[in-house]
Amino acid sequence: MYRLWYEVISPEKRKYVCYAESKDGYKWRKPMLGKRPFKSYKKTNIVFPFDERYYGLGETVFKDTSDREWPYKAVYKGRDEEGYPRIEAAVSKDGIEWIPLEKPLIEKYFSDTQTVVYYHPTLKKYLGFFRRWHLRRRMIAFSETDNFYKWKRPEVLLYLKSFHEDLYTNGYTVYPFNENFHFLFPAVYRRNFDTFELTVYS
């Protein structure tokens, strides 16, 4: 079974994460879970938000093969009571019922588009790829840890020399049959032309 968690934004600008699944990766169904209503609709496929404080953006869900109790984890942008951005997370036993962590993974850090975390079984570490801003330009930052609940502040991993180009996303993944092959599929944003170009790094 292929499983998909995707972000939607309502007309009121509220963010939600919905769930879908597929047997072949082509035909998808949206199971009406009935966990979280939307307006007058009681049965929906919404699995986030958790409560009214939720301020997610750029969520990534991954399966943690090292954790039998909480195998599903989600990482996303949040904000504290003063409005400062931070990296937050939630855990789940089945990918449907989620529990947000009380403490953020990284305080006062802005990663607004695509935060990707992956547990590497050979390294026995969590690899994290984040957005990084420097000189008003978008870059890709990196951090790693052997404890999902404790992270160091991400450092710049990849940036472009031209001041007219930004690395908009990271698109991190590993090769399906060899986890030691790492790939980035970032979108390069060209400011002069307001266009994107897909690239690959390995």
Side-chain angles (χ1 to χ4, degrees), residues 5-7 15 17 48 50 54-92 95 98-161 165-176 178-189 198-202:
W5 292 261
Y6 62 97
E7 183 181 280
K15 303 176 183 69
V17 173
F48 292 19
F50 313 109
Y54 175 71
Y55 182 72
L57 190 66
E59 295 86 353
T60 296
V61 175
F62 73 100
K63 191 170 184 179
D64 184 353
T65 56
S66 70
D67 191 341
R68 293 185 178 181
E69 184 178 6
W70 302 103
Y72 292 93
K73 293 182 171 64
V75 182
Y76 53 92
K77 175 193 169 187
R79 61 182 175 187
D80 61 21
E81 296 178 352
E82 297 179 354
Y84 289 103
R86 61 188 187 182
I87 304 299
E88 298 183 355
V91 296
S92 172
W98 291 88
I99 299 176
L101 301 183
E102 293 184 3
K103 296 183 179 180
L105 300 185
I106 305 173
E107 286 276 15
K108 292 181 172 56
Y109 188 86
F110 188 83
S111 183
D112 64 329
T113 298
Q114 187 190 41
T115 297
V116 178
V117 173
Y118 172 73
Y119 178 77
H120 197 287
T122 302
L123 298 174
K124 299 187 183 305
K125 290 184 178 182
Y126 296 91
L127 311 180
F129 297 82
F130 306 84
R131 160 72 58 82
R132 177 71 178 263
W133 284 84
H134 182 61
L135 299 177
R136 301 184 67 182
R137 298 171 62 210
R138 302 171 181 90
M139 305 175 181
I140 297 174
F142 174 78
S143 182
E144 65 179 16
T145 180
D146 55 7
N147 184 344
F148 177 74
Y149 304 94
K150 294 182 180 180
W151 288 80
K152 293 181 180 179
R153 201 165 189 80
E155 298 182 357
V156 172
L157 173 71
L158 192 63
Y159 69 96
L160 300 176
K161 293 182 179 180
E165 296 178 337
D166 292 45
L167 288 172
Y168 209 83
T169 55
N170 62 70
Y172 171 76
T173 189
V174 294
Y175 190 69
N178 189 333
E179 72 223 2
N180 295 313
F181 289 159
H182 305 258
F183 294 92
L184 296 174
F185 292 91
V188 176
Y189 174 57
L198 187 64
T199 59
V200 60
Y201 292 81
S202 64

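- Between Asp112 and Arg131, at least one side-chain N (NZ, or NE/NH1/NH2) sits under 4.0 Å from a carboxylate O, which counts as a salt bridge.
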Where do Glu179 and Thr122 land on the side-chain hydrogen bond (donor to acceptor under 3.5 Å, both in side chains) test, with the steps shown first?
CA-CA 8 Å; Glu179 72 223 2; Thr122 302; 2.3 Å; yes
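- Remark: Tyr6 OH is packed, more than 12 non-hydrogen atoms of other residues, nucleotides or ligands lying under 6.0 Å away.
- Under the salt bridge (charged side-chain N to carboxylate O under 4.0 Å, His left out) criterion, the residue pairs touching residues 142-151 are Lys125-Glu144, with sequence neighbours excluded.
- How far CG of Leu127 is from OH of Tyr172: 5.0 Å, rounded to the nearest 0.5 Å.
- For the residue pair Ser66 / Tyr126, a side-chain donor-acceptor distance below 3.5 Å is found, with atom types taken as modelled.
- How far OG1 of Thr173 is from CZ of Phe183: 8.5 Å, rounded to the nearest 0.5 Å.
- Under the ring-ring contact (aromatic ring centres under 6.0 Å, His included) criterion, Tyr159 pairs with no residue, sequence neighbours left out.
- Summarising the local packing, OH of Tyr149 is surrounded by more than 12 heavy atoms from other residues, nucleotides or ligands at distances under 6.0 Å.
- Here the two rings, on Tyr118 and Phe62, have centers that are 6.0 Å apart or farther.
- Considering CZ of Phe48 and OG of Ser92, their distance stands at 8.5 Å, rounded to 0.5 Å.
- Asn180 and His120 get closest at one heavy-atom pair: OD1-CE1, 3.6 Å.
- The environment of Phe181 atom CZ is sparse: at most 12 non-hydrogen atoms of other residues, nucleotides or ligands sit within 6.0 angstrom.
- Here Glu88 pairs with Arg86 in a salt bridge; the nearest charged N to carboxylate O distance falls below 4.0 Å.
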